[in-house]
Amino acid sequence: MGKQYWLMKSEPNEYSIEMLRKDKVTCWDGVRNYQARNFMRDHMRVGDGVLFYHSNIEPVGIAGMAVIVKESYPDYTAWDSNDRHYDPKSIPANPTWYMVDVEFVKACREVITLRKLKGISALEKMMVVQKGVRLSVQPVAPAEWEIIVRLPEWSR
DNA sequence: GCCAACGTTGGC
DNA sequence: GCCAACGTTGGC
(Lines give C-alpha, C1' and ligand atoms only; values in the text may rest on other atoms or scores of the structure.)
Protein backbone atom coordinates (compact mmCIF):
# COMPACT_ATOMS: atom_id res chain seq x y z
CA MET A 1 0.00 0.00 0.00
CA GLY A 2 1.40 3.41 -0.97
CA LYS A 3 1.24 6.55 1.01
CA GLN A 4 -2.18 7.42 2.31
CA TYR A 5 -3.67 10.65 3.53
CA TRP A 6 -5.80 11.58 6.50
CA LEU A 7 -7.65 14.43 8.11
CA MET A 8 -7.53 14.61 11.90
CA LYS A 9 -9.70 16.95 13.93
CA SER A 10 -8.69 18.70 17.09
CA GLU A 11 -10.21 21.45 19.12
CA PRO A 12 -7.46 24.05 19.32
CA ASN A 13 -8.42 24.81 22.91
CA GLU A 14 -7.28 21.27 23.64
CA TYR A 15 -4.50 20.92 21.10
CA SER A 16 -3.68 23.23 18.20
CA ILE A 17 -1.29 23.20 15.27
CA GLU A 18 0.81 25.78 17.15
CA MET A 19 1.13 23.41 20.10
CA LEU A 20 2.27 20.70 17.68
CA ARG A 21 4.81 23.14 16.22
CA LYS A 22 6.28 23.54 19.70
CA ASP A 23 6.07 19.85 20.65
CA LYS A 24 7.22 18.67 17.19
CA VAL A 25 5.72 15.21 17.92
CA THR A 26 2.61 14.25 19.86
CA CYS A 27 0.57 11.13 20.54
CA TRP A 28 -2.95 11.41 19.15
CA ASP A 29 -4.68 10.22 22.31
CA GLY A 30 -8.29 10.41 23.34
CA VAL A 31 -10.00 8.99 20.26
CA ARG A 32 -13.03 7.10 21.56
CA ASN A 33 -14.86 6.26 18.37
CA TYR A 34 -14.52 2.81 16.81
CA GLN A 35 -14.41 3.91 13.20
CA ALA A 36 -11.75 6.52 13.91
CA ARG A 37 -9.81 3.98 15.96
CA ASN A 38 -9.91 1.47 13.14
CA PHE A 39 -8.38 3.96 10.73
CA MET A 40 -5.57 4.66 13.17
CA ARG A 41 -5.03 1.08 14.31
CA ASP A 42 -5.39 -0.74 11.01
CA HIS A 43 -4.54 1.65 8.22
CA MET A 44 -2.17 4.42 9.22
CA ARG A 45 1.45 3.90 8.23
CA VAL A 46 4.61 5.85 8.93
CA GLY A 47 4.94 8.57 6.32
CA ASP A 48 1.21 9.03 5.73
CA GLY A 49 0.18 12.65 5.35
CA VAL A 50 -2.18 14.36 7.78
CA LEU A 51 -4.29 17.48 7.40
CA PHE A 52 -4.57 19.02 10.87
CA TYR A 53 -8.11 20.34 11.25
CA HIS A 54 -9.31 22.82 13.84
CA SER A 55 -12.89 22.20 14.96
CA ASN A 56 -15.21 24.08 17.25
CA ILE A 57 -13.53 27.43 16.83
CA GLU A 58 -13.61 30.35 14.45
CA PRO A 59 -12.28 29.85 11.83
CA VAL A 60 -13.11 26.15 11.44
CA GLY A 61 -10.90 24.41 8.90
CA ILE A 62 -7.53 22.95 7.96
CA ALA A 63 -4.79 24.66 9.94
CA GLY A 64 -1.71 22.68 9.05
CA MET A 65 0.03 19.53 7.97
CA ALA A 66 1.55 16.66 9.92
CA VAL A 67 2.98 13.24 9.19
CA ILE A 68 2.54 9.88 10.87
CA VAL A 69 5.80 8.96 12.62
CA LYS A 70 4.67 6.03 14.78
CA GLU A 71 2.08 3.41 13.97
CA SER A 72 -0.67 2.43 16.35
CA TYR A 73 -0.06 1.45 19.92
CA PRO A 74 -2.41 1.30 22.92
CA ASP A 75 -3.85 4.60 24.11
CA TYR A 76 -2.78 4.37 27.73
CA THR A 77 -4.89 7.37 28.74
CA ALA A 78 -7.84 4.95 28.67
CA TRP A 79 -6.32 3.17 31.67
CA ASP A 80 -5.95 6.30 33.81
CA SER A 81 -9.02 6.84 35.97
CA ASN A 82 -8.04 10.48 36.40
CA ASP A 83 -7.95 11.10 32.66
CA ARG A 84 -10.89 12.67 30.88
CA HIS A 85 -10.77 9.83 28.36
CA TYR A 86 -10.68 7.02 30.94
CA ASP A 87 -12.47 3.91 29.77
CA PRO A 88 -12.69 0.98 32.20
CA LYS A 89 -13.57 -1.36 29.33
CA SER A 90 -10.04 -1.01 27.99
CA ILE A 91 -7.47 -3.07 29.85
CA PRO A 92 -3.74 -3.38 29.13
CA ALA A 93 -4.07 -7.08 28.25
CA ASN A 94 -6.71 -6.24 25.66
CA PRO A 95 -6.73 -2.56 24.77
CA THR A 96 -9.82 -1.06 23.23
CA TRP A 97 -8.28 2.22 22.14
CA TYR A 98 -5.21 2.99 20.09
CA MET A 99 -3.27 6.05 19.06
CA VAL A 100 -0.51 7.05 16.65
CA ASP A 101 2.24 9.65 16.83
CA VAL A 102 2.20 12.60 14.47
CA GLU A 103 4.95 15.09 13.71
CA PHE A 104 4.58 18.73 12.73
CA VAL A 105 5.25 19.53 9.07
CA LYS A 106 3.90 23.04 8.61
CA ALA A 107 1.11 25.38 9.53
CA CYS A 108 -1.09 27.20 7.06
CA ARG A 109 -0.40 30.90 6.65
CA GLU A 110 -4.13 31.20 7.13
CA VAL A 111 -6.70 28.51 7.89
CA ILE A 112 -8.31 26.82 4.88
CA THR A 113 -11.84 27.28 6.08
CA LEU A 114 -14.55 24.67 5.90
CA ARG A 115 -16.55 27.23 3.97
CA LYS A 116 -13.79 27.39 1.36
CA LEU A 117 -13.53 23.59 1.12
CA LYS A 118 -17.27 23.41 0.56
CA GLY A 119 -16.89 25.82 -2.34
CA ILE A 120 -14.40 23.66 -4.25
CA SER A 121 -16.40 21.31 -6.47
CA ALA A 122 -13.58 18.77 -6.79
CA LEU A 123 -13.77 18.31 -3.01
CA GLU A 124 -17.52 17.71 -2.82
CA LYS A 125 -16.97 14.03 -1.92
CA MET A 126 -14.64 14.81 0.99
CA MET A 127 -15.99 13.47 4.25
CA VAL A 128 -15.38 16.68 6.12
CA VAL A 129 -17.75 18.67 3.88
CA GLN A 130 -20.58 16.15 4.22
CA LYS A 131 -23.45 17.14 6.44
CA GLY A 132 -23.64 15.16 9.66
CA VAL A 133 -20.21 13.53 9.32
CA ARG A 134 -18.38 14.09 12.59
CA LEU A 135 -15.73 11.42 12.42
CA SER A 136 -12.56 12.84 13.96
CA VAL A 137 -10.17 10.74 11.86
CA GLN A 138 -10.99 10.56 8.18
CA PRO A 139 -9.29 9.24 5.04
CA VAL A 140 -8.48 11.81 2.38
CA ALA A 141 -8.28 10.75 -1.28
CA PRO A 142 -4.93 11.42 -3.01
CA ALA A 143 -6.66 13.68 -5.55
CA GLU A 144 -8.20 15.69 -2.71
CA TRP A 145 -4.82 15.97 -0.98
CA GLU A 146 -3.20 17.26 -4.18
CA ILE A 147 -5.81 19.97 -4.53
CA ILE A 148 -5.59 21.03 -0.90
CA VAL A 149 -1.80 21.21 -0.68
CA ARG A 150 -1.75 23.54 -3.70
CA LEU A 151 -4.09 26.10 -2.15
CA PRO A 152 -2.59 29.54 -1.57
CA GLU A 153 -3.24 29.40 2.19
CA TRP A 154 -0.07 27.33 2.60
CA SER A 155 2.34 29.78 1.03
CA ARG A 156 4.49 32.06 3.10
C1' DG B 1 -32.15 -7.63 18.11
C1' DC B 2 -34.93 -3.50 18.56
C1' DC B 3 -35.14 1.07 19.64
C1' DA B 4 -35.85 4.98 23.04
C1' DA B 5 -33.13 7.66 25.82
C1' DC B 6 -29.07 9.73 26.48
C1' DG B 7 -24.52 11.90 25.72
C1' DT B 8 -21.38 13.90 22.35
C1' DT B 9 -19.81 16.34 18.30
C1' DG B 10 -19.18 20.29 15.96
C1' DG B 11 -21.08 23.85 12.64
C1' DC B 12 -23.29 27.90 13.05
C1' DG C 1 -25.13 28.92 23.36
C1' DC C 2 -28.14 26.31 20.31
C1' DC C 3 -29.34 22.22 18.40
C1' DA C 4 -29.22 18.68 14.47
C1' DA C 5 -27.13 14.61 13.68
C1' DC C 6 -24.86 10.97 15.22
C1' DG C 7 -23.02 6.94 18.23
C1' DT C 8 -23.70 4.32 22.40
C1' DT C 9 -26.21 2.24 26.08
C1' DG C 10 -29.32 -0.67 28.16
C1' DG C 11 -34.16 -2.35 29.08
C1' DC C 12 -37.09 -5.36 27.11
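Within every chain, numbering begins at 1; the chains are lettered A, B, ... in the order of the sequence lines, protein sequences first and strands thereafter.
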| message | I want to confirm an ordering. Mapping A/Arg84 and A/Lys118 to their closest nucleotides on DNA chain B, which one lands closer to the 5' end? | response | A/Arg84
| More than 12 heavy atoms from other groups under 6.0 Å of OH on A/Tyr76 | no
| Where does the angle between the aromatic ring planes of A/Trp97 and A/Tyr34 fall among parallel (under 30°), tilted (30 to 60°) and perpendicular (over 60°)? | tilted
| task | Take atom NZ of A/Lys125 as the centre, draw a 6.0 Å sphere, and report whether it contains more than 12 heavy atoms from other residues, nucleotides or ligands. | result | no
| field | Contact interval (first through last nucleotide) of DNA chain C with protein chain A, 4.0 Å heavy-atom | value | C/dA5 to C/dT9
| task | Identify, between A/Arg134 and A/Asn56, the residue whose nearest nucleotide on DNA chain C lies closer to the 5' end. | result | A/Asn56
| task | In plain terms, say whether A/Arg45 and A/Glu71 are close enough for a salt bridge, that is, a side-chain N and a carboxylate O under 4.0 Å apart. | result | yes
| note | OG of A/Ser155 to CZ of A/Arg150, rounded to nearest 0.5 Å, is 13.5 Å
